[in-house]
Each structure stands twice: as structure tokens, then as C-alpha cells.
Amino acid sequence: MYLICPTRKPSFLGFVLGLFVVTLTFSSASPALAETAGKVEELGDGQQRVTLTQTVEPSFHIEPIVHRFAARRGTTIPFRFEIRSTGKAMNVSVLPVKLRQEMSGIILHDATGEAPDEIKFTSPTEFKLAPGETTFIEGEVTVPLAKSNYLSFGVLVRDNGQRSADDNTDNNGQRIGAAVRFVTQYVLRIDIETGVKDLSQMNQLAFESGLIDSQAGMPVAEAVLVNPTEFAFECNVRGSVESASSSRPRPFRLSMSSRSSLNDEKKYIVRIMPHSKVRVSAPVEETLFPGNQTFKVEVTNGRRAMAEQTYPVSVAGGDFPALEVSHAYLDQELSVGPAQIEVGDSDSAKRSCNLRFSNNSEKQKMVKAELIDLDGQPIEGIRLSSSEFEVKPGRTKTIRASVSTRSKSETTKFGTVRLSISDSEQGATLIKELPLALVVGGRPAESIEMGELQSLVEGDMTSFRLSVTNNGHGYVPIHGQLQVASGKEQAIELADGYGRWLRPGETRELAFQPRKPLPAGKYQLKLHVETTEGAEPFDQTLVVDLGQQLLLN
């Protein structure tokens with residue numbers, strides 16, 4: 001929570017936040033903290049930022065949070081949850097609840113829905129739990145005759161809570177006080193795999209929308225999956241991006257954001273509750289060429305495709321700046337990755353690098369490659385596995401750049417891979433250059449000059465610009481981050497540069513563009529610019545009043 005406030009002393013306890021109820025709902029491992037801290041930072045111009053940090057400890061723990069069974073329809077399954085007090089006396093209530101699902105995929109209880117009849121408890125549903133005591137919640141669930149491969153039932157376990165102590169309150173006119181009533185509750189789940197083969201109901205799943213969005217400069221495929229039925233389902237979602245000339249698009253799997261932290265195959269399991277919508281997404285790790293594309297998305301169960309939908313996508317150059325750092329567009333149909341080539345005979349660089357050329361056209365491409373230094377002279381010490389080659393229509397071609405065994409270079413060298421590109425139809429030759437570094441020993445000292453952060457207003461949109469100049473003798477990667485914070489809304493994180501190399505003597509302007517207009521008012525800007533790994537980053541904090549000049553804090 002960020003509050004921008006005057007530096008004058010408040011008349012009564014700074015801010016009176018009053019008494020309010022905080023309900024802590026847990027569906028996974030819970031934090032074991034119970035602290036409240038406040039920090040005041042001077043922002044300048046008579047302003048302060050007050051940061052309230054509050055962490056809490058649940059009054060009890062339950063294991064497991066989710067029971068998962070495999071059972072046929074009509075079967076009755078016993079279940080058991082262990083509940084343990086963390087050191088407080090509690091009055092605990094247990095009840096079956098209907099589940100609801102948020103767009104992120106998180107499953108919560110529906111306080112307005114009817115409780116499921118399939119769950120019966122064999123242990124008390126109202127009981128006291130002494131400090132440090134452990135007991136069990138027991139019952140049984142009957143698997144209904146539903147045409148679904150997955151069922152999920154909810155159990156809500158709640159402690160009524162108590163008001164937090166306020167022993168340290170004083171009236172010195174500078175404290176920020178709060179009184180909180182904590183209520184701990186767990187939403188437990190009983191998930192059942194039914195093994196049902198009749199998935200006629202799953203065919204009703206549909207996609208409401210689909211697009212390719214730019215996030216942190218990279219393309220991300222997103223789709224909204226809708227379940228209009230009375231049943232829950234477990235499935236996968238697969239996507240691909242196709243164009244008229246792409247012969248073999250590479251499919252990718254989409255997942256819910258609630259499962260994004262998982263590192264195994266479970267990450268791609270999509271569980272969708274009855275009458276719910278979930279957003280699924282995935283990074284697109286292939287080059288998206290400028291022009292019209294088609295985003296295809298489909299629900300799958302094993303190898304079987306169920307619901308399917310396609311969405312038109314229009315791609316323009318510069319839509320995905322971070323992607324263009326890793327994949328260079330050589331023309332409108334031919335790309336290569338990586339776009340920045342580094343090999344070397346040192347601990348900080350690999351001795352070889354694979355260059356993968358992709359031809360997204362129906363024409364054969366001819367490529368000739370030359371290695372030259374920044375003065376335009378041939379560079380020695382690097383060898384290409386092939387300097388003249390063809391890339392067939394709709395196919396890829398890989399060549400290798402590696403440190404020559406005959407290299408006698410004793411210092412780091414910088415240059416370019418000059419590519420001459422032509423095709424069988426047009427015959428004209430296009431010249432493109434990729435930055436190239438041969439790292440031997442240490443890198444030369446970098447010398448970066450930062451300009452002043454400026455605001456630019458175009459219509460109702462405000463953006464921020466920063467010029468960066470490389471005064472050194474070698475390439476330098478540049479990545480800038482800008483945090484825009486006010487006391488009213490969540491801070492906005494903006495980025496540009498993404499590690500693209502800056503040539504010696506080159507000046508580049510980093511652009512930080514919010515997606516929506518910024519309301520009038522004062523903002524705190526935190527600028528962070530990173531260059532070569534290990535180099536000291538550039539940090540700056542500013543305060544800006546929209547419509548006026550930036551003021552250095």
C-alpha cells in the first residue's frame with residue numbers, strides 16, 4: 001500500500017484506519033509470520049511515501065489441501081484431513097461448499113451457491129481446538145453419475161477469529177494505527193478422476209477470445225476458455241501460429257496463471273469448473289513475421305482435439321522488441337536467431353554458437369555470410385561452418401560460428417556478420433548485419449552516458465524517454481526498467497532495451513510507454529538501467545507532476 005501524504009504532523013494518530021475484518025483464505029502452504037511494519041520515505045517537494053507491510057500467520061494448518069482420488073461413478077470414497085492448531089484456542093466450523101473459479105484458474109468457495117449433496121461428514125462439523133491440539137476432519141463423498149472425466153468438491157474450514165491486540169498504541173501524533181480482526185479459513189478440495197470415456201459434454205467447451213499480446217516485449221498467446229455446462233473438466237489447451245507460407249508451425253501448450261509456478265507436466269493441466277471462464281496463456285518462442293497470421297487454439301484430451309477456434313493476428317515490425325533482440329528479421333520472410341552473436345576463448349563466453357535461419361516464404365533464399373570488424377576489415381579468429389548456403393521454402397538452416405583453433409587473437413574483438421540475401425524470383429540482394437563479439441580475456445571497460453529522463457505527451461497519452469550513449473570501444477547491452485507509482489493505483493512496470501547491444505559511439509532512446517493514460521497528479525518514478533553483467537547499474541528516483549517538468553528528487 002502506497003500513500004502520498006504531506007510532511008506536516010497529523011492531528012490524530014497519522015491516519016485512523018479503524019477496525020476491519022481480514023479473512024485469510026488458504027489453498028496451499030501458508031506463511032508463518034505475524035508482523036506489522038511501517039516505513040516512511042521522503043520523496044521531496046513536501047511529500048512522503050508511507051509503506052505498510054503486514055504479514056500474518058494462520059491460526060491452524062490443514063493437510064492435505066487437496067485430496068485426489070480415482071474412482072468410478074457411483075462409488076463412495078472416505079476422506080480425512082488433519083487439522084492442527086498453531087498455538088491458539090479456536091472454535092472451528094466445517095461445511096461443504098460449492099466452488100467457483102476465477103479467470104486466473106484459482107478455485108474458491110461460492111458463498112451464494114448450494115452446498116453439494118455428495119459430501120457427508122462422519123466427524124463433528126462444529127468443534128473446539130485447544131492450543132497445539134491436532135484432530136481430524138472425516139467424511140465420505142459419493143461420485144455422481146456425471147459425464148465428466150473430473151469432479152471437484154469443496155470443504156470450507158473456518159476459525160471465527162479474534163481481534164488483534166493493540167498494546168503499543170500511543171498518541172504522539174506521528175503513528176499510523178490499525179486494528180484488525182483476523183479470520184482464518186481454508187478452502188479444501190476433493191478432486192476425483194472418473195475415467196469417463198464419454199466426453200460429449202466436453203465438446204461444449206468453447207473459446208470466447210484469443211490474441212497474441214506483447215508482454216515485457218515478448219509475444220504471448222492468450223485465450224479465454226468457457227465452460228457453459230454443469231460439469232467440471234480436466235483437459236489441455238494447445239496453440240499454434242500459422243501464416244499462408246508456414247508449412248510446419250510449431251505447436252505450444254497454454255496454461256492457467258494459477259499453475260505458472262509449476263515446473264513439470266502438471267503445469268499444463270487445465271481444470272475448469274462449471275459455468276466458469278479461465279484465461280490460458282503461453283509465450284510464443286518462434287519468430288512472428290510482419291504480416292497477417294492466424295492464432296489457432298484447441299482443447300485436447302490426450303491426443304484427441306475437442307473444441308477449436310482460430311483468430312486473425314496482424315503483426316507489425318517493432319510489436320515485440322524483446323523478441324527482435326533474440327531473433328533478427330533479415331527481410332519480411334527470413335529470420336535468424338540469435339540476433340547477437342558472441343563466442344570466445346574465456347570463461348564468460350562459449351566457444352561456439354548455432355545460427356538458425358528460418359524461411360517463412362514459398363521462395364528459396366540464398367545467403368552469403370562475411371565476418372568483418374568495426375573498421376570494415378575481415379575479422380580473424382572465428383570460423384563459420386558455411387559461408388554460402390540456401391534456405392529452402394518453409395524450412396530452417398543451421399550453421400555454426402566457432403572460435404578458430406588457429407586463432408592468435410589476444411584481445412576481445414567486435415565486428416559484424418554481414419549477410420547478403422537474395423531469392424530465386426527477385427534476384428536483388430539485401431544486405432543485413434548482425435553484431436559479433438569475439439571475447440578473449442577480459443572485455444574493455446564500458447563508458448555509458450545517460451541523458452535526462454523526459455516526459456512526452458501525445459494526445460492523452462504520456463510516455464517517458466531516456467537517451468543512452470555508448471562512449472566505449474565495444475558493444476554494451478542495454479536494458480531499462482521504469483516503475484511509475486502513485487498513491488491511488490498499483491505501480492506500473494515499464495521496460496525497454498531488453499539487452500540489445502549498443503554499438504560504440506551509438507546513441508539510442510529508450511521509450512517507456514504505459515498502455516493507458518495516466519491521470520493527472522504526482523508520480524514517483526524509479527529508473528533502473530542495467531548494462532554488462534557485473535557492471536554497476538544506473539538508478540534514479542524522480543517525482544513528476546503531469547503537465548509540469550520532471551523534478552529531480
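Side chain of Q101 to backbone of G105: a donor-acceptor contact under 3.5 angstrom is found. Between the side chain of D331 and the main chain of L334, a donor-acceptor pair closer than 3.5 Å is present. Between the side chain of N227 and the backbone N or O of F231 there is at least one donor-acceptor pair closer than 3.5 Å. Side-chain atoms of Y498 do not come within 3.5 Å of backbone N or O of E324 as any donor-acceptor pair. At distances below 3.5 Å, not a single donor-acceptor pair connects side-chain atoms of N236 with backbone N or O atoms of V299. At least one donor-acceptor pair closer than 3.5 Å links the side chain of R259 to the backbone N or O of K266. Under a 3.5 Å cut-off, the side chain of Y186 and the backbone N or O of F60 do form a donor-acceptor pair. The backbone N or O of G239 sits nowhere less than 3.5 Å from a side-chain atom of E298 that would complete a donor-acceptor pair. Between the side chain of D496 and the backbone N or O of A511 there is at least one donor-acceptor pair closer than 3.5 Å. Between the side chain of S240 and the backbone N or O of P251 there is no donor-acceptor pair closer than 3.5 Å.
For the 3.5 Å distance criterion, the side chains of S152 and D191 qualify, holding a donor opposite an acceptor. No hydrogens or angles considered: nothing links the side chains of Q483 and H528 as a donor-acceptor pair under 3.5 Å. A donor atom on one side chain and an acceptor atom on the other are found under 3.5 Å apart for S352 and R400. Using modelled atom types, one finds no donor on one side chain facing an acceptor on the other under 3.5 Å when comparing Q309 with E208.
Every residue meeting the salt bridge (charged side-chain N to carboxylate O under 4.0 Å, His left out) condition with R271, not counting sequence neighbours, appears here in chain and number order: E234.
You'll find the ring centres of F69 and H67 inside the 6.0 Å limit.
The pair R80-E140 does not count as a salt bridge, with every side-chain nitrogen at least 4.0 angstrom from each carboxylate oxygen. With salt bridges taken as basic N to acidic carboxylate O contacts below 4.0 Å, none links K365 and E390.
Partner T142 forms a side-chain contact (heavy atoms from CB on, under 4.5 Å) with one of D117, T76, T75 and no other, that one being T76.
Atom OG in S463 sits 4.5 Å away from atom CD in Q513 (nearest 0.5 Å).
Environment of CG in N263: sparse, with no more than 12 heavy atoms of neighbouring residues, nucleotides or ligands closer than 6.0 Å.
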